[in-house]
Engineer: 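Got a structure here, written out as structure tokens. Questions coming.
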Amino acid sequence: MAEFKNGLDAFKESHDEGVKVDETKKVRVGIIGTGWIAESHLKSFLNMPDVEIVAGADLVPGKAEAFFKKFGVEGVKCYGSHKEMLADDSLKLDAVSVCTYNRTHAECTIDSLKKGLHVMLEKPMCVTIEEAAEIVKAEKESGKVLSIGFQPRFDPNMKKIKEIVESGVLGDIYYIQTGGGRRRGIPTPFGTSFIEDETAGIGALADIGCYSLDMLLNAIGYPKPLTVSGVKSAHFGTDPNYYDNHPEYAKKFGVDDFAAAFIRLEGGITLDFRISWAMNMDTAGDALILGTKGGLRIPSTECWNGSIGGPMKIYQTVAHSMVEYEVPMIERKGSLFDMKIRSFLDALKNNLPSPVPTSQILYNQAILDGIVKSANIGREIEIEIPEI
């Protein structure tokens with residue numbers, strides 16, 4: 001039993017030393033899109049002593065002005081489009097946060113990179129793999145930092161998943177199962193931008209599916225996706241009875257509220273995936289990582305919250321005895337959004353690599369895109385990633 005205690009000790013909490021913040025070197029930031037998610041970006045930027053919020057842009061007249069007034073941020077110049085904001089050289093911008101609809105992520109990000117700005121891009125990266133490739137191309141040509149908004153990576157329990165895999169205790173990984181969802185959680189409290197095709201493009205897949213994929217793909221080193229057989233549906237989103245106060249939303253619903261897929265990854269690894277905004281179930285199942293020496297169970301959450309649903313458990317067979325032991329949960333200290341924004345600022349100020357690199361999220365986007373394409377034609381397809 002001593003060896004199991006030692007094994008457990010290997011997965012106790014560890015601490016990373018942060019990069020010292022140079023408050024004399026201010027980063028001038030503009031925010032593109034001032035909707036709901038922009039509130040989290042703004043709050044985190046305001047927590048950073050080395051940031052000045054100098055500009056904002058939104059297509060809805062007066063929305064940007066009201067946004068900054070709500071949070072008491074003065075002296076911010078507001079524009080009716082990201083192009084107008086980027087054209088104003090008097091701003092002397094260093095970086096932008098892109099917080100727009102999914103459909104405009106690519107355009108706003110590419111234009112900002114071409115202007116020579118660092119970009120904090122909210123997830124999902126975009127809608128299609130073709131758009132993702134164009135973003136990466138612009139990033140490489142610009143030489144600027146582009147980080148994608150996957151703040152769950154900074155949760156200590158998420159980091160622990162990766163540590164466990166890299167420790168070798170599970171052996172060679174051959175199967176991963178991930179997913180998640182909500183029993184009733186179509187995000188319409190913020191209007192219909194999440195559910196209309198012309199603004200969102202993809203639904204649950206983009207909103208929480210990208211997180212679920214990243215949780216395990218990042219842990220196992222982001223192997224290249226090869227093929228996918230996917231399905232998607234919208235049984236709840238298109239039902240007027242789903243909505244208590246806005247039955248008219250059913251006619252506007254043009255994305256997925258459920259998706260599932262079977263994906264083959266490089267290295268002989270199989271990925272079993274499902275995600276849902278609404279279903280007649282409390283969970284789509286725990287996440288699993290199966291290896292030749294052990295298995296890891298990661299408890300699900302009722303609604304994606306950036307962490308895990310309880311202590312993880314490792315299963316092994318030793319001396320012909322089947323054993324399992326828990327990995328204690330680590331208490332998170334601080335805001336995940338603050339960690340996401342801080343890592344972006346540290347990277348651009350200290351010439352560090354992007355904390356959430358596009359080289360990885362390109363594969364994440366390829367899987368999302370592949371699921372949509374496979375579902376649309378009703379068969380398995382090869383995943384084709386454009387050359388960049």
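Atoms considered below: every heavy atom in the structure, side chains included; atoms not considered: hydrogens, waters and symmetry mates.
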Engineer: Between Arg183 and Glu302, does a side-chain contact (heavy atoms from CB on, under 4.5 Å) hold up when you go through it step by step?
Structural biologist: CA-CA 8 Å; Arg183 187 167 181 173; Glu302 289 185 4; over 6 Å; no
Engineer: Under the salt bridge (charged side-chain N to carboxylate O under 4.0 Å, His left out) criterion, do Arg184 and Asp244 qualify, and how do the steps go?
Structural biologist: CA-CA 12 Å; Arg184 289 292 185 274; Asp244 292 333; over 6 Å; no
Engineer: Any side-chain to backbone donor/acceptor pair from Gln177 onto Asp286? Under 3.5 Å, distance only.
Structural biologist: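 Confirmed, Gln177 side chain pairs with Asp286 backbone.
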Engineer: Go through the steps for His118 and Asp94 under the test side-chain hydrogen bond (donor to acceptor under 3.5 Å, both in side chains), then give the verdict.
Structural biologist: CA-CA 6 Å; His118 304 284; Asp94 297 305; over 6 Å; no
Engineer: Output the distance between atom OG1 (Thr270) and atom CZ (Arg264), rounded to the nearest 0.5 Å.
Structural biologist: 7.0 Å
Engineer: To the nearest 0.5 Å, what is the distance between CD on Glu84 and CG on Leu59?
Structural biologist: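 Glu84 atom CD to Leu59 atom CG measures 9.5 Å (nearest 0.5 Å).
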Engineer: When you measure from the side chain of Ser374 to the backbone N and O of Ile371, does any donor-acceptor pair fall under 3.5 Å?
Structural biologist: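 Answer holds: no.
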Engineer: Heavy-atom distance under 4.5 Å between the side chains of Val228 and Phe262, does that happen here?
Structural biologist: no
Engineer: Is there a path of hydrophobic side-chain contacts, each under 4.5 Å between heavy atoms of I/L/V/M/F/W/Y residues, joining Leu348 to Met120?
Structural biologist: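 Yes, same cluster.
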Engineer: Checking the side chain of Lys123 only, and the main-chain atoms of Gly149 only, is there a donor and an acceptor separated by less than 3.5 Å?
Structural biologist: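 Not a single qualifying donor-acceptor pair exists.
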Engineer: Would you say that more than 12 heavy atoms from the other residues, nucleotides or ligands in this model lie under 6.0 Å from the CG of Asp172, or not?
Structural biologist: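 For Asp172, atom CG is not crowded (no more than 12 foreign heavy atoms under 6.0 Å).
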Engineer: For the atom pair NZ (Lys224) and CD1 (Ile269), what is the distance rounded to the nearest 0.5 Å?
Structural biologist: 14.5 Å
Engineer: Does either side chain, that of Thr199 or that of Ser193, offer a donor lying less than 3.5 Å from an acceptor on the other one?
Structural biologist: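 On atom types as modelled, these side chains do not qualify, holding no pair under 3.5 Å.
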Engineer: Checking side-chain polar atoms at under 3.5 Å, does His105 have a donor or acceptor matched by the opposite partner on Glu122?
Structural biologist: no
Engineer: Spell out, as yes or no, whether a donor-acceptor pair under 3.5 Å connects the side chain of Lys349 to the backbone of Asp22.
Structural biologist: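 Indeed, once roles are kept as given, a pair shorter than 3.5 Å links the two residues.
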Engineer: Kindly determine whether Glu39 and Lys70 satisfy salt bridge (charged side-chain N to carboxylate O under 4.0 Å, His left out), including the steps that lead there.
Structural biologist: CA-CA 10 Å; Glu39 294 187 5; Lys70 175 182 177 181; 2.9 Å; yes
Engineer: Contact between Lys313 and Val327 at the side-chain level, heavy atoms closer than 4.5 Å - yes or no?
Structural biologist: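 Lys313 vs Val327: side chains apart.
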Engineer: Looking only at side chains, do His235 and Asp257 share a donor and an acceptor under 3.5 Å apart?
Structural biologist: no
Engineer: Between His246 and Tyr243, is the gap from one ring center to the other below 6.0 Å?
Structural biologist: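 No, too far apart.
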Engineer: Would Lys83 and Asp111 satisfy salt bridge (charged side-chain N to carboxylate O under 4.0 Å, His left out), going step by step from the backbone distance to the final call?
Structural biologist: CA-CA 8 Å; Lys83 291 183 182 293; Asp111 288 348; 3.0 Å; yes
Engineer: Between Ser335 and Asp338 (side chain of the first, backbone of the second, donor and acceptor by atom type, cut-off under 3.5 Å), is there such a pair?
Structural biologist: yes
Engineer: Under 3.5 Å, side chain of Lys144 to main-chain N/O of Val119, donor-acceptor pair present?
Structural biologist: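 Answer holds: no.
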Engineer: Can you measure from CE (Met125) to SG (Cys210) and round to the nearest 0.5 angstrom?
Structural biologist: 12.0 Å
Engineer: Walk me through whether Thr292 and Leu170 qualify under side-chain contact (heavy atoms from CB on, under 4.5 Å).
Structural biologist: CA-CA 6 Å; Thr292 55; Leu170 303 181; over 6 Å; no
Engineer: Checking the side chain of Ser147 only, and the main-chain atoms of Ser354 only, is there a donor and an acceptor separated by less than 3.5 Å?
Structural biologist: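 Checking the backbone N and O of Ser354 against the side chain of Ser147, no donor-acceptor pair under 3.5 Å is found.
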Engineer: For Leu205, does its backbone N or O pair with a side-chain atom of Asp256 as donor and acceptor, under 3.5 Å?
Structural biologist: yes
Engineer: Given Val29 and Val96, is the side-chain contact (heavy atoms from CB on, under 4.5 Å) satisfied, shown in steps?
Structural biologist: CA-CA 5 Å; Val29 173; Val96 296; 5.9 Å; no
Engineer: How about Tyr363 and Gln365: does a side-chain donor come under 3.5 Å of a side-chain acceptor?
Structural biologist: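 Side-chain D/A pair, Tyr363 to Gln365: absent.
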Engineer: In terms of hydrophobic clusters joined by side-chain contacts under 4.5 Å, are Phe190 and Tyr249 together?
Structural biologist: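 Yes, Phe190 connects to Tyr249 through the hydrophobic network.
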Engineer: Specify the closest pair of heavy atoms between Tyr242 and Ala278, including all atoms of both residues, with the distance to one decimal.
Structural biologist: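 Nearest heavy atoms, Tyr242 then Ala278: CE1-CB, 4.0 Å.
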Engineer: Any luck finding a side-chain donor-acceptor pair between Thr227 and Glu380 under 3.5 Å?
Structural biologist: yes
Engineer: Is it true that Lys160 and Asp155 make a salt bridge, defined as a side-chain N closer than 4.0 Å to a carboxylate O?
Structural biologist: no
Engineer: Can you spot which of Val73, Val76, Ile341 makes a side chain to side chain contact (heavy atoms under 4.5 Å, CB included) with Leu42?
Structural biologist: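 For Leu42, the side chain to side chain contact (heavy atoms under 4.5 Å, CB included) check succeeds only for Val73.
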Engineer: Should the heavy atoms of other residues, nucleotides or ligands under 6.0 Å from CD of Glu248 be counted, would the total exceed 12?
Structural biologist: yes
Engineer: Are Ile367 and Leu213 side-chain neighbours, meaning at least one heavy-atom pair lies under 4.5 Å?
Structural biologist: yes
Engineer: Keeping to residues at least two apart or across chains, list the ring pair (Phe, Tyr, Trp, His ring centres under 6.0 Å) pairs with something in residues 62-81.
Structural biologist: Phe67-Phe71
Engineer: Tell me whether Tyr222 shares a hydrophobic cluster with Ile135, the cluster being built from Ile, Leu, Val, Met, Phe, Trp, Tyr side chains joined at under 4.5 Å.
Structural biologist: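 They do share one cluster, since a chain of ILVMFWY contacts under 4.5 Å joins Tyr222 to Ile135.
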Engineer: Just how far is it from atom CG of Leu345 to atom NZ of Lys340, taken to the nearest 0.5 Å?
Structural biologist: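 One finds 12.0 Å between CG of Leu345 and NZ of Lys340.
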Engineer: Report the C-alpha separation of Arg342 and Asp50 in whole Å, then their side-chain angles, then the decisive distance to 0.1 Å, and conclude whether the salt bridge (charged side-chain N to carboxylate O under 4.0 Å, His left out) test is met.
Structural biologist: CA-CA 10 Å; Arg342 183 70 257 162; Asp50 54 342; 2.8 Å; yes
Engineer: Once rounded to the nearest 0.5 Å, what's the spacing between atom CD1 of Ile176 and atom CG of Leu288?
Structural biologist: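 These two atoms lie 10.5 Å from each other.
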Engineer: Compute whether any side-chain donor of one residue and acceptor of the other, for Thr128 and Asp369, lie under 3.5 angstrom apart.
Structural biologist: no
Engineer: Are the side chain of Asn157 and the backbone of Met329 linked by a donor-acceptor contact shorter than 3.5 Å?
Structural biologist: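 Flag not set: sc Asn157 to bb Met329 has no pair under 3.5 Å.
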Engineer: Spell out, yes or no, whether Ile263 and Ile173 are grouped together once hydrophobic residues are joined by side-chain heavy atoms under 4.5 Å, including indirect joins.
Structural biologist: yes
Engineer: Could you state whether Tyr211 and Ile220 fall into the same hydrophobic cluster, counting links through intermediate Ile, Leu, Val, Met, Phe, Trp or Tyr residues with side-chain heavy atoms under 4.5 angstrom apart?
Structural biologist: yes
Engineer: Is any NZ, NE, NH1 or NH2 atom of the basic residue among Lys77 and Asp88 found under 4.0 Å from an Asp or Glu carboxylate oxygen of the other?
Structural biologist: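 Answer for the salt bridge query: yes.
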Engineer: Between Ser142 (side chain) and Glu139 (backbone), is there a donor-acceptor pair under 3.5 Å?
Structural biologist: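 Such a contact is found between Ser142 side chain and Glu139 backbone.
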Engineer: For residues Met85 and Leu91, determine if any side-chain heavy atom of one lies less than 4.5 Å from a side-chain heavy atom of the other.
Structural biologist: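 They are in side-chain contact.
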Engineer: Do other residues, nucleotides or ligands put more than 12 heavy atoms under 6.0 Å from Glu130 CD?
Structural biologist: yes
Engineer: Does some side-chain heavy atom of Ile164 sit less than 4.5 Å from a side-chain heavy atom of Val169?
Structural biologist: yes
Engineer: I'd like to check Leu46 versus Ile53 (side-chain heavy atoms, cut-off strictly below 4.5 Å). Are they in contact?
Structural biologist: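 Touching, per the 4.5 Å side-chain cut-off.
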Engineer: Closer than 4.0 angstrom, basic N to acidic O: yes or no for Glu134 and Lys140?
Structural biologist: no
Engineer: So Phe337 and Ile37, side-chain contact (heavy atoms from CB on, under 4.5 Å) or not? Walk me through it.
Structural biologist: CA-CA 11 Å; Phe337 243 89; Ile37 197 61; 3.9 Å; yes
Engineer: Any chance NZ of Lys162 has more than 12 other-residue heavy atoms, nucleotides or ligands included, within less than 6.0 Å?
Structural biologist: yes
